[in-house]
Structure formats: structure tokens, C-alpha cells
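Just so we're clear, the structure is a prediction, and the values are computed from it rather than from any experiment.
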Amino acid sequence: MPISASIFKAYDIRGVVGNTLDEDVAKQIGQAFGSAMYALGETVCVVGRDGRLSSPSLSAALIEGLLSVGIQVMDVGMVTTPITYFATHIEIDQQSAKSCIMVTGSHNPPDYNGFKMVLAGDAIYGERIQMLYQRICTRPFDQMDQMQQGVCRTVDITDVYQQRIVSDIKLARPMKIAIDCGNGVAGAFAPNLFRALGCEVTPLFCEVDGHFPNHHPDPAHIENLKDLVRCLQQTDCELGIAFDGDGDRLGVVTKEGEIIFPDRQLMLFAQDVLQRHPGQSIIYDVKCTAKLAPWIEQHGGQALMWKTGHSLIKAKLKEMGAPLAGEMSGHLFFKDRWYGFDDGLYAGARLLEILSRSPTPSRVLNALPNAICTPELQMPCAEGEAFILLAYIQAHATFPLAHTIHTLDGIRVEYADGFGLARPSNTSPVLVMRFEADSETALKRIQADFKQALMAAKPGARLPF
């Protein structure tokens with residue numbers, strides 16, 4: 001299979017198995033990543049994989065590529081993405097690694113798979129991912145094939161990971177919770193972890209199954225949380241939590257069936273973290289609610305809006321030395337008491353630690369500031385068209401009633417009573433939009449402003465609102 005530039009995305013490598021991704025491509029990615037490690041003086045790489053049907057063979061081929069250029073591999077087996085990250089922060093059998101690759105399709109359909117990568121301690125994205133493609137095209141690693149083969153060791157760190165969280169999290173009382181893993185790999189770990197924390201767990205779809213027979217493993221979409229909502233209605237569970245396909249994102253549902261989106265989860269976490277880190281920056285992405293910044297400042301922090309993308313947020317967290325960051329998609333990053341990478345299971349444990357102090361957790365969550373908002377809306381575009389439309393809007397559109405216009409990542413127009421956002425996705429050919437307001441009237445007015453701007457950029461466009 002010829003290597004396709006299309007699989008080298010903004011934050012990871014991702015393709016359709018049998019179409020743009022197979023074992024030979026995986027081996028070449030291993031060779032390219034290994035040569036990039038070698039250039040930085042790195043010699044040990046952790047490799048993990050999710051529960052997808054194609055992950056074992058792609059992982060084996062990836063490891064073969066790493067070994068062929070002299071890299072030593074620690075294979076942690078079928079784990080969540082955060083467990084793979086965790087392996088780069090601890091010593092394993094007197095050996096440590098700062099680089100890792102996770103074979104995962106995350107929340108994408110069953111026939112997708114891909115690779116999330118950390119190189120010498122940094123999550124790579126953008127140009128550094130494109131450089132891997134260039135390495136494969138120019139094949140500078142061919143000369144390394146004559147090097148001594150690396151050695152692959154299989155290691156199990158799941159108990160160490162669980163013990164680390166259990167030693168950190170202390171619940172004020174036992175809790176009854178429902179956990180929906182959508183048949184993703186988190187199902188192999190989440191029920192055991194939360195029982196070890198003292199919870200009574202009702203598991204939903206925690207059997208790892210790469211066909212995802214019950215629903216898509218993506219808690220960012222309301223339809224994937226219906227089973228969890230129903231479970232809370234029919235049982236005495238007091239809270240529901242959900243994870244995506246590789247366990248790095250968190251979804252939360254109250255007893256009343258209200259979905260607490262990640263930007264509101266971040267409010268609760270910020271309030272807690274700022275008690276220990278007063279005056280520090282809390283980072284959030286451009287899709288988050290306008291209610292978040294005032295909340296952060298009210299609780300003694302500095303609110304910092306940043307670009308969407310887990311790798312971009314992670315890099316900003318590291319740059320700023322911030323104790324906490326999060327994005328609307330559900331990636332939450334704790335540097336306070338943790339390592340700064342996104343981990344849905346750890347975030348869920350931190351949530352329960354806070355909520356266990358209350359006899360009615362849902363009341364705490366429901367009391368967080370809220371607004372009328374749309375889910376993430378997507379307008380399909382031709383390849384590259386979304387960026388052209390955005391450039392036109394930024395250059396020509398006017399928003400007379402707006403008080404602030406951010407062009408950090410797309411265009412976010414803020415009003416006294418809400419905001420509108422349009423940004424090109426970095427992972428698929430769509431223009432992403434989100435709207436929020438204090439009233440239905442204000443929401444319609446803001447959407448009308450954006451409709452006018454979008455129709456001027458693309459007359460006849462079919463809008464998702």
C-alpha cells in the first residue's frame with residue numbers, strides 16, 4: 001500500500017484499515033518515528049494498543065518497524081491511551097522512556113485506526129507529524145536497518161497505574177455510579193478502578209468489542225449517552241460517567257439525566273484546583289462556554305482561552321506551567337497531583353472525589369452556571385474549503401453588536417448575551433460551529449449574524465442551524 005499524506009492529521013495519524021492504513025504502513029511509521037527518536041538521543045519507546053480488531057496486527061507491525069532501527073520497545077499491551085502515557089512517567093523494571101505510541105482509532109468508526117504519539121516527552125502535532133511523512137518519503141531510516149535490532153519486552157503496568165490513582169483519590173463516602181464504556185478499551189479498567197476507590201459500580205457495555213455493537217464510543221454526542229441516562233432513571237445509581245473509545249475523554253450524566261458538558265465539568269475542577277494554586281492560569285479551548293472565564297476569575301484564577309486540539313492544549317499547559325486545562329470535547333488535563341496528560345478515568349476519579357463530599361451530587365453539578373447552547377454543529381465542505389470560507393469571513397464579515405472578536409482559532413464572536421463560533425476542523429473537511437446565549441431570542445440573533453456571514457462567503461450553503 002502506498003503511503004498516503006491524508007493519514008497524517010493535525011494531532012495524530014489516522015486512516016481507514018485496508019484503504020489508507022495497513023501493516024506495511026504501520027511498519028514504516030515505526031521506522032520513521034524510531035529514526036526521529038534516534039536523532040534526539042532517545043532509545044526506548046512504549047507501545048500500547050486499544051481494543052479495535054485491527055490493533056494487534058498494526059501494533060505488531062509498528063513494533064517491528066521500531067525494532068528494525070534499533071529502538072528498544074516496552075509493549076504494554078491492550079490499554080487505554082492514558083495508561084500508555086503514564087508509562088512514560090514511571091520507571092519500569094529499572095528502565096524509563098520518554099517516547100510512546102498508542103495504536104488507537106479513538107472514537108472513530110470500527111474500520112478506522114491510527115497512532116497517537118509522544119516524542120521525547122512532547123505530544124507531537126502539526127509540522128512534527130508532517131515530518132514523519134517526509135521521513136517515510138525520503139527514507140533516511142534505510143541506512144539504519146543495518147543497526148543492531150532492538151529488543152521488545154512485554155510489561156504489565158495496569159496494577160501500578162490503578163494503585164497510583166487509588167493512592168491519590170480519597171472519596172468522602174462510598175458512591176453508587178453507572179459506567180458506560182461503549183465497548184471501548186476503558187471497559188477493561190474502569191469498573192475495577194472505581195470499585196477500588198470504594199464505588200458500587202453498575203457497568204454498561206464494558207466488554208471490549210471492536211465492533212462497538214451497542215453505540216459509538218463517543219460521549220461528546222448526546223445520542224451515545226441515552227443508555228446511561230436510562231440506567232440512572234431505572235436504578236439507584238446517583239451519577240453516570242462515560243468514556244470514549246480509548247479512555248482519554250470523560251462524559252458525565254446527572255441523576256436527572258442532564259448531561260454536564262466538559263466546559264462545565266472544568267468549572268468544578270477549576271474551583272477545586274485553584275484552592276491549591278491561587279492566581280494560576282486555567283486553560284480552555286475556543287469551544288467552551290462564555291460562563292467559564294468569569295467563573296475561573298471569580299475563584300482566583302486567570303482564564304486563558306486557547307486553540308482546540310488535545311496536543312495543542314497539552315503543549316500550552318506545559319508552556320504556561322498551568323495546573324489544569326480542558327476542552328469541550330472532553331479532554332481534561334491535570335497537572336495538579338497528576339502528570340499533565342489527558343486521562344478520562346483519572347478525571348472521573350477527581351470528579352467523584354469532589355462530589356462525594358455532597359449527599360446530592362447532581363445538585364452540585366446542576367448548580368454550575370449554564371446557558372442555552374447548541375451541540376457542536378458541522379457543515380460539510382470540500383477538502384480545504386472550510387479554511388477558505390473562514391478566511392473570507394474574517395476579512396469581510398461584520399458583527400455590529402459584538403464586543404469582542406477572537407481569531408485565535410477560527411472566529412469566535414462574543415456578545416453581552418452569548419457567543420458564536422466557526423472554525424475549520426483540523427481532522428475532517430467540515431466547518432465546526434457552536435452557539436450559546438442567555439435566551440432563545442439572543443441565540444437566534446447570534447445565529448442570524450453568522451448565517452449572513454456564511455451565506456456571503458458561500459451563497460446557497462446548507463447550514464446546520
Query raised in the report: Quick one: is the NZ or CZ of Arg249 closer than 6.0 Å to the six-membered ring centre of Phe243, and within 45° of its axis?
Result: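 Here Arg249 fails the 6.0 Å and 45° test against Phe243.
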
Query - Distance-only donor-acceptor check, side chains Thr80 and Asp246, under 3.5 Å - result: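 No, because no side-chain N or O of Thr80 sits under 3.5 Å from a partner of the opposite role on Asp246.
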
Report task. Would you tell me whether Gln163 and Asp159 have side-chain atoms, one donor and one acceptor, within less than 3.5 Å of each other? Result ->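 There is no such pair between these side chains.
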
Enumerate donor-acceptor pairs with a distance under 3.5 Å from any side-chain N or O in residues 184-201 to protein atoms, sequence neighbours excluded.
none

Query raised in the report: Quick one: salt bridge (charged side-chain N to carboxylate O under 4.0 Å, His left out) partners of Arg14, sequence neighbours excluded?
Result: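 Arg14 satisfies salt bridge (charged side-chain N to carboxylate O under 4.0 Å, His left out) with Asp12 once adjacent residues are dropped.
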
Requested in this report: Using a strict 4.0 Å threshold on nitrogen-to-oxygen distance, state whether Lys116 and Asp248 make a salt bridge.
Outcome: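 A salt bridge links Lys116 with Asp248.
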
**Report entry** Electrostatic pair Glu258-Arg264, nearest N-O below 4.0 angstrom
**Finding:**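 Yes, Glu258 and Arg264 are salt-bridged.
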
The criterion is ring pair (Phe, Tyr, Trp, His ring centres under 6.0 Å); which residues satisfy it with [X], sequence neighbours excluded?
| X | result |
| --- | --- |
| His89 | Tyr339, Phe341 |
| Phe205 | His215 |
| Phe212 | none |

Query raised in the report: Where is the tightest heavy-atom contact between Tyr11 and Thr308, given as atom of each residue plus distance?
Result: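 Looking at all heavy atoms of both residues, the shortest contact is OH-O, 2.9 Å.
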
In residues 316-331, what donor-acceptor pairs under 3.5 Å come from side-chain atoms, sequence neighbours left out?
residue, atom, partner, partner atom, Å
Lys316, NZ, Glu319, OE2, 3.3
Lys318, NZ, Gly121, O, 3.4
Lys318, NZ, Asp122, OD1, 2.6
Glu327, OE1, Gly309, N, 3.0
Glu327, OE2, His310, N, 3.1
His331, ND1, Asp342, OD2, 2.7

Report task. Would you indicate whether Lys98, at its atom NZ, is surrounded by more than 12 heavy atoms from other residues, nucleotides or ligands within a distance under 6.0 Å? Result ->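 Atom NZ in Lys98 is not crowded, with 12 or fewer foreign heavy atoms closer than 6.0 Å.
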
